[in-house]
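Residue indices begin at 1 and follow the sequence shown.
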Amino acid sequence: MIQVPAGTQALLFDCDGTLVDSLPLYLQAWLRAFETAAGHVLAPEWFHGRGGLSEQMVLDLLEAELGRTLDRPAIVGAARQAVLEILPNLREIGIVADLARRYRTALPMAVASSGSRQIVVASLTHTGLLPLFDTVVTVDDVRRPKPAPDLFLEAARRLNVPPAGCLVLEDSTEGLAAADAAGMRAVDVRPYIMSSGRPHASSQA
């Protein structure tokens, strides 16, 4: 079970790969979008270890590797549409979602994600998790995505809690680096998810 240290004043949750098991959906959506909007077939393995990157960071890497400029709005639009189409397949990650349920009335809580507001809110709404949180901060609300600290600092500001009082729940290297840069404690949820063996199991499954 994930432990919340004494003295924690607020909980800040990443979304993709932390609260919801969306990374397989993103992989499917991006592969489809890149082929249809860019005319290029991308190997699924290319995305391994890049789940914590924002859309624009993914496109930065793709352009660098291909050596050409891509139609970013077309690719992003196609990818988001593809995610929305397969969203009914999305499930929560039970061990993390249940932590949010336990602390709903005990601590202020926020979601801070490098994803777009459109997809993050849709994901949280579909899984029924949205009402648990006092605020949702996405890449649309800040200047820089993770690993910059902007998302977590904005979430703390909205909750009126000092950064040192926040505990971040994260599943990516970029997110953990962002929490450290923000002066916050963090929990890497990946070992807990793996040890649970049932990422979708929850009290409401």
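In this structure, the side chains of Val76 and Leu59 come closer than 4.5 Å at one or more pairs of heavy atoms. In this structure the side chain of Asp98 never reaches within 4.5 angstrom of the side chain of Met1, judged on heavy atoms. The shortest side-chain heavy-atom distance between Leu62 and Phe34 falls under the 4.5 Å cut-off. Contact annotation: the side chain of Glu85 never approaches that of Arg80 to less than 4.5 Å [non-hydrogen atoms, C-beta and beyond].
Val58 and Leu42 fall within the same hydrophobic cluster, defined by Ile, Leu, Val, Met, Phe, Trp and Tyr side-chain heavy atoms under 4.5 Å apart, directly or through other members. Hydrophobic clustering, with ILVMFWY side chains joined whenever heavy atoms are under 4.5 angstrom apart, keeps Leu132 apart from Leu12. Linking Ile, Leu, Val, Met, Phe, Trp and Tyr whenever their side-chain heavy atoms come within less than 4.5 Å puts Ile119 and Leu19 in one cluster. Residues Met109 and Leu159 do not share a hydrophobic cluster, clusters being chains of Ile/Leu/Val/Met/Phe/Trp/Tyr side chains in contact below 4.5 Å. Val121 and Leu151 fall into different hydrophobic clusters, where Ile, Leu, Val, Met, Phe, Trp and Tyr residues are linked whenever their side-chain heavy atoms come under 4.5 Å apart, directly or through other members.
Considering all non-hydrogen atoms of both residues, Leu27 and Pro44 come closest at CD1-O, 3.8 Å. Thr127 and Glu92 make their closest contact through CG2-N, 3.9 Å (heavy atoms, listed as atom of the first residue, atom of the second, distance). Contact record, Leu87 with Ser123: CD1-OG, 3.9 Å, taken as the closest heavy-atom pair. When all heavy atoms of Ala179 and Ala186 are compared, the pair lying nearest together is CB-CB, 3.8 Å. Nearest heavy atoms, Ser113 versus Asp16: OG-OD2, 4.0 Å. Nearest heavy atom pair, residue Val139 against residue Pro145, reads CG2-CB, 4.0 Å.
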*side chain to side chain contact (heavy atoms under 4.5 Å, CB included) assessment of Ile75 paired with Trp30*: CA-CA 8 Å; Ile75 295 172; Trp30 271 87; 3.7 Å; yes
*Stepwise, does the side chain to side chain contact (heavy atoms under 4.5 Å, CB included) test hold for Arg101 with Arg104?*
CA-CA 5 Å; Arg101 292 189 181 98; Arg104 174 65 187 97; 5.8 Å; no
*Apply side chain to side chain contact (heavy atoms under 4.5 Å, CB included) to Ile95 and Val189, showing your working.*
CA-CA 9 Å; Ile95 194 169; Val189 301; over 6 Å; no
_Does Val187 form a side chain to side chain contact (heavy atoms under 4.5 Å, CB included) with Gln3? I'd like the steps, not just the answer._
CA-CA 9 Å; Val187 174; Gln3 300 296 321; over 6 Å; no
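Remark: Asp141 pairs with Arg117, Val137, Thr138, Arg158 by the side chain to side chain contact (heavy atoms under 4.5 Å, CB included) rule, at least two apart or across chains. Not counting sequence neighbours, Glu45 has no partner by the salt bridge (charged side-chain N to carboxylate O under 4.0 Å, His left out) test. Residues forming a side chain to side chain contact (heavy atoms under 4.5 Å, CB included) with Arg68 (at least two apart in sequence, or on another chain): His40, Leu66, Leu70. In this structure Pro73 satisfies the side chain to side chain contact (heavy atoms under 4.5 Å, CB included) test together with Asp71, sequence neighbours excluded.
Between Leu61 atom CG and Met57 atom CE the span is 7.5 Å, to the nearest 0.5 Å. Rounded to the nearest 0.5 Å, atoms CG (Leu11) and CG (Leu107) are 5.0 Å apart. To the nearest 0.5 Å, atom CD1 of residue Ile93 and atom OG of residue Ser22 are 7.0 Å apart. Atom CZ of Arg144 and atom CG of Asp150 lie 4.0 Å apart (nearest 0.5 Å). To the nearest 0.5 Å, atom CD of residue Gln56 and atom OG of residue Ser116 are 11.0 Å apart.
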Side-chain donor-acceptor pairs of residues 161-171 under 3.5 Å, sequence neighbours excluded:
residue	atom	partner	partner atom	Å
Glu170	OE1	Ser172	N	3.3
Glu170	OE1	Ser172	OG	3.4
Glu170	OE2	Lys146	NZ	2.6
Asp171	OD1	Thr18	OG1	3.1

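By the 4.0 Å N-to-carboxylate-O rule, Glu55 lies too far from Arg72 to be salt-bridged with it.
Among pairs with a residue in residues 128-172, those fulfilling ring-ring contact (aromatic ring centres under 6.0 Å, His included) read Phe13-Phe133, at least two apart in sequence or across chains.
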